[in-house]
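Letters go in sequence order (proteins before strands), and every chain restarts at 1. The basis for the numbers below is simple: all heavy atoms, side chains too, and nothing from hydrogens, waters or symmetry mates.
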Amino acid sequence: MSLITGFLFVVIAPLVGGLLSGIDRKLTARMQGRIGPPLLQPFYDVEKLFQKENLVARHTQNLYMEFFFVMTIFTGALFFSGGDLLLVIFSLTLAGVFFALGGYKASSPYSFIGAQRETLQMMAYEPAVLLVAVGMYMVTKSFQVADIIAYPKPLILDLPGFFLAFFFILAIKFRKSPFDLSTSHHAHQELVKGITTEFSGRTLALIEIAHWYEYVFVLGIGYLFFAWNMWIGLVVTFFLFELIIIIDNAAARVRWQWMVGGAWIIALIAGMGNILYLMLRH
Amino acid sequence: MGALSKSPWIIHYDGSSCNGCDIEVLAVLMPRFDLERFGVVNTGNPKHADILLLTGSINHQNAPIVKSIYDQMPEPKVVMAVGICATSGGIFRECYNVLGGADKVVPVDIYVPGCAVRPEALIDAAVQAVGLLDKKRAAALAAEKEKE
Ligand code: SF4
């Protein structure tokens, strides 16, 4: 874990993320009884978007999304180079804020509602993410990702509650049903495309790529729970992703009250319960 | 094949169609024909769309809407008039409020006749539309080069 892995993340993550997103679309199509697009379809989409005209309502809206893109890469690179987990979380928040600001700036009612919902989603997942970092610190006595990965025992055995909380927010972070509120991926007649409504061409491609980075980064946090054995970790993380997609297809969307309330209550009960367990054990 | 022809995103606007053609359009996206095999996505957002798919005739009320959707789409774009109503006004042509086909307000590239249109004709039209997208892109690039 060093600068090299951070650099590798910057290069490889979009490929992995794009493939994951391709698997997502294929699996979704199969669950709906369709054949579905080719596995590399997300790459075709992004390539196409780079060839399209970039229409804007206001020019600054693209600037925010470019910051979102840069901050997302920074977050992931920091994480994968074994940096401080707390710093990673702060930079993740900053990326999220830029994303929401871009939606606000685009000044269409749809992207405005999308941005509001995006902030709600951040509100929902933030406590759980922080608690996960705290939990990992309590067990490994370090916030450094490198130390957490080097911990010899599987963290999941010590942190099942935190894992539950993390799993709950995974769907929020991926913007998948039942928490697909801000981009409205499936119900696009309701909110058009939510936060990304007003973005086209190159900027939309950047947003898409940033989401791929996000996929890999968020799954990286999931990997930490199983990091004591690399192969088991990778396999479990992959199945985690599949599970999220299956839930995405099987679940209806909930209201935002449910999302925020649910995420908080689970983070509170499971996370605090786990902290209690760790404290009593010592 | 260029990138444009591998991921054509569609926006479908229902003018004043009888809904026959709309059902056919949706049928093409359903499991039996599954246009997503070719990367087609029904976006419902003009700013993300490459192909404007119009059904039904143009009347006084929807003419400005169709125009506005067309203007919001980023270049290169293709317009498909689907069903005989959208190509010429069809059986509603003589109505007092109907202006005629989609070409009364936006430049139509591909006419797909039929009442209602057959899925096979729609798929054929979609294939032609993606070819046209690539051509338009090439033409735009050539024009840019000439400017320099
Ligand atoms: S072409 Fe026929 S089926 Fe299609 S909208 Fe017109 S009347 Fe209806």
- Interface residue of largest heavy-atom contact number with chain A, from B:Pro74, B:Pro76, B:Gly39, under 4.5 Å: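 Looking at each option in turn, the highest pair count goes to B:Pro74.
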- Considering only heavy atoms, which portion of A:Phe199 lies under 4.5 Å from any heavy atom of chain B: side chain, backbone, both, or neither?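 Interface part for A:Phe199: backbone (N, CA, C, O).
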- Query: Non-hydrogen atoms of chain B under 4.5 Å away: do they reach the side chain of A:Ile35, the backbone, both or neither?
  - Reply: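 Contact with chain B is through both the backbone and side chain of A:Ile35.
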- Item | Atom group of B:Arg37 that falls short of 4.5 Å from chain A, counting heavy atoms |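 Both the backbone and the side chain of B:Arg37 come within 4.5 Å of chain A.
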- Task: Side chain from CB out, backbone as N, CA, C, O: work out which of these in B:Val40 comes under 4.5 Å of a heavy atom of chain A, or both, or neither.
- Result: neither
- Message: Just checking A:Gln257: does its CD atom have more than 12 heavy atoms from other residues, nucleotides or ligands closer to it than 6.0 angstrom?
- Response: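 Yes - once you tally the heavy atoms of other residues, nucleotides and ligands closer than 6.0 Å, there are more than 12.
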- Query: Is the number of heavy atoms from other residues, nucleotides or ligands within 6.0 Å of CZ (A:Phe50) greater than 12?
  - Reply: yes
- Item | Salt-bridge criterion met for A:Glu66 and A:Arg202 (N-O under 4.0 Å) |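 Looking at A:Arg202 together with A:Glu66, the answer is yes, because their closest N to O distance falls below 4.0 Å.
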Could you pull out all donor-acceptor pairs under 3.5 Å where a side-chain atom in residues 97-113 of chain B meets a protein atom, sequence neighbours excluded?
{"residue": "B:Asp103", "atom": "OD2", "partner": "B:Tyr111", "partner atom": "OH", "Å": "2.8"}
{"residue": "B:Asp109", "atom": "OD1", "partner": "B:Lys136", "partner atom": "NZ", "Å": "3.4"}
{"residue": "B:Asp109", "atom": "OD2", "partner": "B:Val79", "partner atom": "N", "Å": "2.9"}
{"residue": "B:Asp109", "atom": "OD2", "partner": "B:Lys136", "partner atom": "NZ", "Å": "3.3"}

- Message: Can you see whether B:Trp9 has A:Lys48 sitting over its ring - NZ or CZ less than 6.0 Å from the centre and within 45° of the normal?
- Response: yes
